[in-house]
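See below for the structure under consideration.
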Amino acid sequence: DRQKYIRNFAIIAHIDHGKSTLADRIMEMTNTVSERDTAAQLLDDLAVEKAHGVTVKSRTVRNYYVDDRGDEYQYNLIDTPGHVDFNYEVSRSLSATDGVLLLVDATKGVQAQTVANYRLAKEANLTIIPIVNKIDNLMADVDKTVEEILGLDDSFTEEEILKISAKSGLGVDAVLTAIRDRIPAPTGDETAPLKALVFDSKFDPYKGVIALVRLFEGTLNTTDQMLFMAADLTSQNKEVGVFAPFTTPLAKLQAGDVGYIVTGIKDAHAIRVGETITSVAQPTPAAFPGYQMVQPMVYAGLYPRGTDYKDLKIAIEKLALNDAAFQYEPEQSEALGMGFRGGFLGIFHLQIIRERLQDEFGLDILTTMPNSTFRVTLKQKDEMVMVENPTQFPHFAQIAKVEEPYVHAKMTLPNDMLNDVMRLAEGRRGVLEDLDTLGSMLMVTYKMPVSEIAYDFFNELKSVSHGFATLSTEIADFEASDMVRMDIAIDYANVDALTFVLHRFKVEKFAQDTVTKLRDLVPRKLQQMPVQAIVEGRVVARENIPPLRKMAAKGTKVSKKQEQLRRAGQAKSDIELPQEVFDAILDMG
Ligand code: GDP
Ligand code: MG
């Protein structure tokens, strides 16, 4: 009977369609927080999230809702992230819920990630409450948005689509009653053996691993001995509780509840999302199937710039504790010194990490050109190697085959932009897979190499579509590609940080663009320095960095020192590479 008054749900939406605003409104209308507290959007508390307006880490909040009959319900709201790079976090949060609010901005209509999120919810067999948001906006086209939502799913009816303004609160009452009436209450035996799913985790330097869980069966008391089935670890429970929205310890969690567990485990990487927690005394016979390990899609070097390597190391370790998708290992570059190779879900994820290092840790860092993974089959012994760093790309004479990861890239766009978008996708080696209409919009799916998406595809898509097109990606598989390695030599010395792997048909243009940018951006020296792009032993493009003018050079200490170094034959290590060099190369795509 206790479970009758519990609802576990999430809000899913395309970015900026109002998820955080609706979450705030729900917390406010259930008196979870006062109006003043919500001013700064409680759920988005990291500095980066504010800057980007997206939610990076999931937050689970328990609200108490008293309905018109005077019954009190526990509304567990699980906030999900809203960007393409974070789809894996969405699906893992969804597995803890029984239903979702599918929010669509009436000024924008159904977008690529509305569709992607809808599919995730459908696959998880969740109850879906479709909602049109921003009906207060003068630009809102409510009827058209309703049509588009109906086009998503044959089983939707016009009557069930709610129309609201999350901003003003108009219609949000009906959302609260729909959660009660449409989303099923959890079931699960409170006296059965404990079976809890870990759908997120945080690391606290004092408390260790804090797991966010949904209990499907049984009861967990503080001080219980727990068994982590996938990790095969036992530990004594230290504390359980909920976020309401602040940390609130409780005596126990029971089947149907969503909450946190202070696991007492100090190894930050021991507990993975998808872990099953049961009790040592009475273990459950069946663990959850578990989740796939998150695979980084994009790699880039992270180097300290005017900051200490040790400080960067500490900051990176801290970041990784709370971001299971971010991977790293130490790396050494001749040009840039000691640093790290980071693995990211996508370019946006890389940007977030870079900004967090700056904003939260005050570090000035340099990030190199991102690249995707390559699977290289060597002629000798038919050996296969995975290459995450272009400098490790084997010599062309040894290579039998190169493969690279592909994604299905789904885009929504207005009809009249199809030609521009097709030209863009095909220029990026995209192959058309599907073309469909969605209301007045088109849905186009291309199979594309990750390496092509990684180089700023999203920004270009936005630009050719005047901001209208949207993108969501799904990992496909590895396919053979004619990739080659391009080295850059400045003053006849290879600069390892400027090593690229790219498709053969891009070589000519990319090589010329790169040497031109380097000519303009690499700090000059007293002597003229050639910049060469080298592919398979041939110079494919060349420019000269002009010498500093004599007048300007006079009295500049740095140049003198560099000149000495050059005479000592150490020219290789004294090329200065400002961040602008990498940014400029990334920009030209
Ligand atoms: P999220 O990315 O889905 O979390 O979206 P946000 O909640 O951050 O909202 C994105 C923007 O839309 C913000 O500027 C909100 O103030 C605005 N917004 C959200 N809901 C409404 C609404 O109902 N009406 C109007 N006019 N603006 C809204
Ligand atoms: Mg948000």
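Basis for what follows: all heavy atoms, side chains included, without hydrogens, waters or symmetry-related copies. Note that the coordinates shown come from a computational prediction; the quantities given were computed from them, not determined experimentally.
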Distance alone, cut at 3.5 Å: any donor-acceptor contact between the side chains of [X] and [Y]?
X: Gln327; Y: Tyr299; answer: no
X: Glu388; Y: Thr373; answer: no
X: Gln532; Y: Glu543; answer: no

Taking all non-hydrogen atoms of both residues, which atom of Gly427 and which atom of Lys506 are closest, and how far apart?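 It is O-NZ, 3.0 Å.
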Please give me the minimum heavy-atom distance between Gln527 and Pro547, naming the atom from each residue.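 In terms of heavy atoms, the two residues are closest at C-CB, 3.7 Å.
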How long is the straight-line distance from [atom2] of [Y] back to [atom1] of [X], given to the nearest 0.5 Å?
X: Lys379; Y: Ile399; atom1: NZ; atom2: CD1; value: 8.5 Å
X: Phe340; Y: Ile316; atom1: CZ; atom2: CD1; value: 5.0 Å
X: Ser451; Y: Phe457; atom1: OG; atom2: CZ; value: 12.0 Å
X: Thr514; Y: Lys517; atom1: OG1; atom2: NZ; value: 9.0 Å
X: Thr499; Y: Asn494; atom1: OG1; atom2: CG; value: 7.0 Å

Donor-acceptor pair, side chain of His14 and main chain of Gln113, under 3.5 angstrom: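 At least one qualifying donor-acceptor pair exists.
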For the pair Lys462 (side chain) and Ala469 (backbone), establish whether a donor and an acceptor sit closer than 3.5 Å, ignoring hydrogens and angles.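 Yes: the side chain of Lys462 pairs with the backbone of Ala469.
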side-chain hydrogen bond (donor to acceptor under 3.5 Å, both in side chains) partners for Glu536, two or more places apart: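 Only Arg504 meet the side-chain hydrogen bond (donor to acceptor under 3.5 Å, both in side chains) criterion with Glu536.
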Can you list every salt bridge (charged side-chain N to carboxylate O under 4.0 Å, His left out) pair that touches residues 299-316, not counting sequence neighbours?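 Found Arg305-Asp364, Lys313-Glu317.
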Only pairs at least two apart or in different chains count here, so list each salt bridge (charged side-chain N to carboxylate O under 4.0 Å, His left out) that has a residue in residues 335-354.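 Every salt bridge (charged side-chain N to carboxylate O under 4.0 Å, His left out) pair that includes a residue of residues 335-354, provided the two are not neighbours, is Glu331-Arg341, Arg354-Asp583.
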Going by the angle between their ring planes, with limits at 30° and 60°, are Phe344 and Phe326 parallel, tilted or perpendicular?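 Plane angle under 30°, so parallel.
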Give me the ring orientation class for Phe393 and Phe374: parallel if the planes are under 30° apart, tilted from 30 to 60°, perpendicular past 60°.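 If you compare the ring of Phe393 with that of Phe374, the planes turn out perpendicular.
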Could you go step by step and tell me if Phe361 and Ile314 meet the side-chain contact (heavy atoms from CB on, under 4.5 Å) rule? CA-CA 10 Å; Phe361 297 91; Ile314 292 166; 6.0 Å; no
Salt bridge (Lys or Arg N to Asp or Glu O under 4.0 Å) against Lys122, all qualifying residues, sequence neighbours excluded: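 Here the qualifying residues are Asp153.
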Output all residues satisfying side chain to side chain contact (heavy atoms under 4.5 Å, CB included) with Ser333, sequence neighbours left out; order by chain, then residue number.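 Per chain and number, Ser333 pairs via side chain to side chain contact (heavy atoms under 4.5 Å, CB included) with Tyr303, Ala335, Leu336, Asp496, Ala497.
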Quick one: list whatever passes side chain to side chain contact (heavy atoms under 4.5 Å, CB included) with Pro578, sequence neighbours left out.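 Scan of Pro578 (side chain to side chain contact (heavy atoms under 4.5 Å, CB included), adjacent residues dropped) gives Pro523, Glu580, Val581.
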Are Phe478 and Tyr406 close enough that their ring centres sit under 6.0 Å apart?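 No.
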Passes side-chain contact (heavy atoms from CB on, under 4.5 Å), Leu413 versus Leu418? Steps please. CA-CA 7 Å; Leu413 45 128; Leu418 182 62; 4.2 Å; yes
Mind running side-chain contact (heavy atoms from CB on, under 4.5 Å) on Asp477 and Lys447 for me, showing each step along the way? CA-CA 10 Å; Asp477 44 25; Lys447 190 164 176 179; 3.2 Å; yes
Can you confirm whether more than 12 heavy atoms, excluding those of Met386, are under 6.0 Å from its CE atom?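 Correct, the count exceeds 12.
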